[in-house]
Amino acid sequence: MGLTRGSNPNRTRRASNRFQRCGRCGRCGAQSSTGTSSYWTKVFGRCGVTSASFLLNGVRVELEGTDPHVTLLDLVRERGLTGTKEGCAEGDCGACTVVVRETTHPVQGSALPSAYRAINGCLALAAQLPGAEVWTVEGVVDTGHGAVRAETELHPVQEAIASTGGSQCGFCTPGFVMTMFASYYSPLVADAQSPDPGGEVLAGNLCRCTGYRALRAVATLTSGAGSVDRSEGTDRFARCLQDPVVGAVTAGLGSAVVAYRPSTLAESIARRASEPGLRVIAGATDVGVEITRGFRRYQGILSLDAIRDPIFSNCSRAEGSITIGAGVTMTALEDFLRDGGAPLAGHMLPWFASRQIRNRATVGGNLMTASPIGDMSPVWLAHGAVALIGGRSGIREVRVSDFFTGYRQTAVGADELLIALRVDDDVVPRGGRRVAFVRKVARRNRVDISTVAAAFMVVLDGNERVVSARFAYGGVAATPLRAIGAEDALIGAVWRNGDSHVADARARLGSAFAPLSDHRGSASYRQRLITGLFDACLAETATGSDR
Amino acid sequence: MTRVVGRPTPHESARLHVTGQARYTDDLPLPPGALHGWPVTSPHAHARVVAIAVSEATTIPGVVTILTREDVPGENNSGPLRHDEPLFLGAGDVATYHGQAIAWVLGTSVEAARQGAGRVVVTYEKLDAILDPADAIRLGSVHTDPQWIRRGDVDVELVGAGEAGHAIVSGEFRMGAQDHFPLETHVSVALADEDGRMMVHSSTQHPSETQAIVAHALGLSLNDVVVQCVRMGGGFGGKETQANAWAAVAAIGAWKTGRAVKVRLDRDRHMILTGKRHPFLARYRVVVSRSGDLCGLDLELYADGGWSLDLSDAVLGRAMFHADNGYFFPVMRVRGQVLKTHKTSQTAFRGFGGPQGVAVAEEIIDCAARAIGMDPHDVRTRNLYRGSGETNTTHYGQEIGDNRLAIIWEGVQDSGEFVSRREAIRAANDLGGGMRRGIAVTPVKFGISFTTTFLNQAGALVLIYSDGSVQVNHGGTEMGQGLQVKMAQVAAEVLGVPLASIRMMPTRTDKVPNTSATAASSGSDLNGGAVRDACLTLRGRLAPVAAQLLTAHGAPAVHADDVDFGDGQVSVRSRPDQRVAFASVVRAAYLARVGLSSTGYYRTPGIWFDKASGRGKPFHYYACGAAIAEVEVDGFTGQMRVLRVDILHDVGSSLNPLVDTGQVEGGFIQGMGWVTMEEVVWGIDGRLLTHAPSTYKIPASTDVPGDWRVTLLPRAAQPGVIYGSKAVGEPPLMLGLCVREAIRDAVASFAPRGSHPERVGLALPATGEAILDAIDAVRG
């Protein structure tokens, strides 16, 4: 049952000396380095070759000539690493979960330069692989030979799952192992501080057999919640976290289908303008599904994931506002917002897809899909956020309320890119307060598409009178929308049940939208949710209300 | 001696699972030149095929051939009982569900085959489709004649109800379908053997039937076809019959091309093409006394079978057997019928009709109780089967015998602090507000055995090698339920060797013939009996050899009956320190020309059922349990959270408490999924709208109760079953029904203060929308 010897990743050199030799010629050698893409060039550069390749369980894999549409899942399975499974090929089940070691995002404030992150192998495209360091389940145990034998010592995560009944049919298990592997070495504060750390860590992995009890127990240990003994934290994977990561390499794949991966915004905008047929991707968690489930093939791909311009790839905080780069992942945003700003976003993020998706999906990519629901779109609408759109002539600002111009259409022109979002704090009068309410109603509490998503931001003065209000919904129209009429009716109202303005606003909400019926819910249900969420908000936030 | 059975032993493949080395059918290396299949599917739920044009598909690079009806060398059918499932449709044939395969394109890659399938042009003449079960009843669209089970005369009871002062409560109740959603989708790989024979690797729960379907499709004898299943990535009944068609298509492809052919359904094809748990429609009239005694029940059960019969008749039968759940109905009439609709062919799914029967019973109890102003919990308690004789006998005449319902019912309520929690919840709900809690306890009594009596048999083949190592073969398949580790435990126990000496072999039809499906929770009972039988035979042969070895020089001869096998040794019973290694005994036996392999066989004793009269003893025994759920319901949105669950379940004297606890937990969550979030939706054109995890939601890690207490009933050995154990696969699924009843309890609290709703209608599944509908209805 073991892997064939030739394909066994554990037969290769240990992780600690992986970078000692050039992967291309095997001789010219490399020095330890702190660079990112330049480092890669150094490693594979002395012999004069830049390389479209990535590290798979410590072994260099050449991508030259690979179609950029090919998924990481298919790449590893074709190499005989069949531990990684296809359960759905749309990022919903997690059976394909693999781990990437990547540079710690600046906003995450980690002492370590790199972190392990779980991602969906089924949605990671070859276009974005050059320079990546990928670990699959086969790389977790260093057997030194082909098979995992009875005496082979398992990784602590594997041992815990195996010995406590965490696997039944075993098909989803490698994905669970990799999710917990990432969490074991690079736990996320958002998970650790949640009321259900084990559940949150695993929300992106489906298991149909076990009912999750044993798995949740292991994940609670890896989540970083409580005081967990991390004496295992000095193993080869932990040591690796001290090393910088090569990072995205801009080398093309040399395939018939072009894949561009510029390192600057200017180059990206120029490329978009000169080749308008390119499909733009950032985290590719949505486009990936178009490829794997919709069987779409593009004439070329423009990937934005290597852009290093801070305005695009970072977040910043100024007096009274924050700016969030369009290229920032949802996971990085979660970390950034723990220090304040955009409270609605912070509340919505745990409900946004799964950890695997949040590790890849970007703030900008999510907005650019212009989904009628979008989860985060109502949040930005309720925050009154401003989109910064870059073109060849500079940056222009568009309010998010003007951003969605139609079903799956945005104000971003064919030769422009969404660069960042700015969220200005709402000014609260002295003695007043801010009501921030977010709720996603879906069939399932995690990893589901909303039936209706709502985000409300209401500013009250010291007398509980409404100074300003923004009520935004997803799932009620062709685009995420604000209920302007209801907002207007609320101005001056006393924020409590029974106030006539509040009643008027509620009535207006009831007729503000004409939602559709689909398999997620009937129009009638959506209609009732529109007002029901208003009622819930009022019950939760008005003083003197009982829930 | 150390016992091997009864110990919490990890899954036999656990280390392979966590290291990714466990191989599934999709992971098998393919020989050079292997082809991949992709189906051409019907875009209509009901349509006559007018013509098929394949020429354009052959222009796609990589497309090798297109399999059509004309390529079938044998019978163009995969129907397991009734031959009503054509594998391919040709001109003049009728497509009977949306997504039905018409033809299959074989290509050198999945991508090539898929593109080729998109170029096969099929013209149709569209026909009217029947999708709703009520329409099927009205139009007489059925697969079967009605089945009946009768106890007493319910008409007399109904007529006399008024005079007796009883209430008659009637209603109609629908239950939704459920997709199995095994993480591994259907896969088959067919390899043409020499001589035109066929080797098929299939992710199947029923290798013998897969073998038969493949053989018939190729026009071969059964001995020409070998089917192997190493393991499945989940089955849940979905691979009992529904793996057969894909194996047959792969085999026909291999037959035609001489190349290996793999047919793997991707997730969407898997969900669109294959059957699900049967949606049911029930109509009932129940007679209940004013004090809450159930007096009579008149019940009609309609199973929505979909386009073909499949196993629907037996599924319906089990629903009828379980429409009492754990309750004594002194008078009862159940009429059941399988409806024919233009949807996927609904099939076995963990519980096999049992969940629908049990759900109907709980629905009826709730509606009857509320109609007479009683707490449904009190009506449940007072109507449980009890005592002996009539009150402990089911509507089909089987005496329950050792009835453990009462101790389980009381036990779970004691340990689960049901009464005090219920009071606290009532008090909290009385304060009003948008968030309400609910609590409920429901029992399950599940009959163990295939209700088709002849299926209750199993075979095994055990091989001992000359170094003392052992291979065990049996007819059961491993789908995650832990059958292999249990069988290894049984073999190790009988032979007295450590678990590490036993190797469990992949299930193959050339090792054990004519096997039954691994289904009906019976895997351990049946195959365990067969493995034990084979091991006893071998032990019987080894004992005299051991006795001879243990006879000390000049001492009186040790008799073969006086040796014990244990811990890898054979010892003299009266002098345990006088022992010899098992491997030495085996070596000596080999040299003495003693046969070291044996088959084993088991059949369940004492069961029978007469379908015509609706009477008999279809079950070897019953597996029982009970569960309490506490939930919180959001009156603004209908959203729901499960806060706490307590389970007490009877697995007899567990062969493996780690595995059995996992079965209870996994079954519970799957049942909870069926009654809450899992909604299969067909569009008005018969298209399946929920065909991937993005649209069909099974429970995730965050849906599990935060406080979850699972206990196996102690001191519960079951006589006449392998080592006193009990079947565990299906029964716990029905424990999940308590979640729906707890939701109903919470919903009822939204009724105007001081009033009790006479009915709390709640759809199954109780989605957020259904819950909000129910709340709005009781709010008035």
Side-chain angles (χ1 to χ4, degrees), chain A residues 1-3 82-85 87-90 92-93 95 137-138 141 148 154 158 161-163 165 167-174 177 196 199-200 202-203 206 208-213 215-216 293 295 441 443-449 519 521-522 525 528-529 532-533 535-536 539 546-547, chain B residues 10-11 13-24 27 114 181-184 232-234 236 266-268 431-435 479-482 500 636-637 639 658 661-662 665-666 668-670 677 679 681 689-690 692-695 697-698 700-704 706 708 767-769 772:
Chain A
M1 299 291 284
L3 292 165
T82 53
T84 310
K85 310 296 186 193
C88 69
E90 61 174 6
D92 266 279
C93 79
V137 69
E138 289 91 349
V141 185
V148 173
L154 299 179
Q158 293 173 318
I161 295 170
S163 61
S167 74
Q168 286 187 20
C169 83
F171 197 85
C172 69
T173 311
V177 167
D196 179 15
E200 292 297 346
L202 300 180
L206 292 177
R208 190 53 152 169
C209 296
T210 65
Y212 303 101
R213 191 205 36 85
L215 291 162
R216 282 164 49 94
R293 308 312 316 125
F295 308 113
V441 179
R443 208 175 273 284
R444 191 169 68 197
N445 292 329
R446 288 290 183 275
V447 198
D448 198 0
I449 293 166
H519 56 84
S522 69
Y525 182 45
R528 283 177 287 161
L529 288 174
L533 288 166
D535 295 341
D546 66 338
R547 278 268 281 138
Chain B
H11 194 287
S13 296
R15 289 171 63 85
L16 299 179
H17 294 157
V18 298
T19 53
Q21 304 222 338
R23 274 199 186 159
Y24 301 79
D27 302 335
R114 190 189 60 70
F181 208 89
L183 267 291
E184 179 208 36
M232 283 165 277
F236 315 114
D266 71 341
R267 177 60 60 189
D268 300 69
L431 298 174
M435 305 297 282
M479 62 195 96
Q481 82 279 41
F636 298 111
T637 63
Q639 287 170 297
L658 184 66
T661 303
E665 292 168 350
F668 176 86
I669 293 298
Q670 213 167 60
M677 66 181 69
E679 187 171 25
V681 184
L689 301 179
T690 48
S694 52
T695 48
K697 312 312 281 190
I698 67 169
S701 61
T702 43
D703 297 306
V704 171
W708 192 7
T767 60
E769 178 166 0
L772 195 59

Separation of [Y] [atom2] from [X] [atom1] (nearest 0.5 Å):
X	Y	atom1	atom2	answer
Q481(B)	C169(A)	CD	SG	10.0 Å
E665(B)	Q168(A)	CD	CD	8.5 Å
S167(A)	R15(B)	OG	CZ	12.0 Å
C209(A)	Q670(B)	SG	CD	8.0 Å
I161(A)	H17(B)	CD1	NE2	12.0 Å

Quick one: what part of [X] sits under 4.5 Å from any heavy atom of chain B, side chain, backbone, both or neither?
X	value
R216(A)	side chain
A89(A)	neither
T210(A)	backbone
D196(A)	side chain
V441(A)	both
S522(A)	both

Could you tell me whether a side-chain N or O of R208(A) sits under 3.5 Å from a main-chain N or O of P182(B), the two making a donor and an acceptor?
-> no
List the steps, then state whether side-chain contact (heavy atoms from CB on, under 4.5 Å) holds for K85(A) with D27(B).
-> CA-CA 9 Å; K85(A) 310 296 186 193; D27(B) 302 335; 2.4 Å; yes
Does some side-chain heavy atom of [Y] sit less than 4.5 Å from a side-chain heavy atom of [X]?
X	Y	value
R446(A)	D703(B)	no
P693(B)	E90(A)	yes
D268(B)	R293(A)	yes

Kindly determine whether K697(B) and D92(A) satisfy side-chain contact (heavy atoms from CB on, under 4.5 Å), including the steps that lead there.
-> CA-CA 10 Å; K697(B) 312 312 281 190; D92(A) 266 279; 3.6 Å; yes
Least distance between heavy atoms, [X] atom then [Y] atom:
X	Y	result
G170(A)	Y24(B)	C-OH, 3.0 Å
T702(B)	A203(A)	CG2-CB, 4.4 Å
V137(A)	G20(B)	CG1-CA, 3.7 Å
F171(A)	L183(B)	CE2-O, 3.3 Å
Y525(A)	L772(B)	CE1-CD2, 3.6 Å

With chain A, which of V681(B), V704(B), T661(B) has the greatest number of heavy-atom pairs at distances under 4.5 Å?
-> V704(B)
Most heavy-atom pairs under 4.5 Å with chain A, out of P10(B), G768(B), G234(B), belong to G768(B)
Measure distances from [X] to the heavy atoms of chain A and classify the residue's part below 4.5 Å as side chain, backbone, both or neither.
X	answer
V18(B)	both
M677(B)	both
I698(B)	both
T690(B)	side chain
F668(B)	neither
T19(B)	both

What residues, two or more places apart in sequence or in another chain, satisfy side chain to side chain donor-acceptor pair (under 3.5 Å) together with R444(A)?
-> none
Residues in salt bridge (Lys or Arg N to Asp or Glu O under 4.0 Å) with E769(B), at least two apart?
-> none
Chain B contacts, top residue of A162(A), G83(A), G211(A) (heavy-atom pairs, under 4.5 Å) = G211(A)
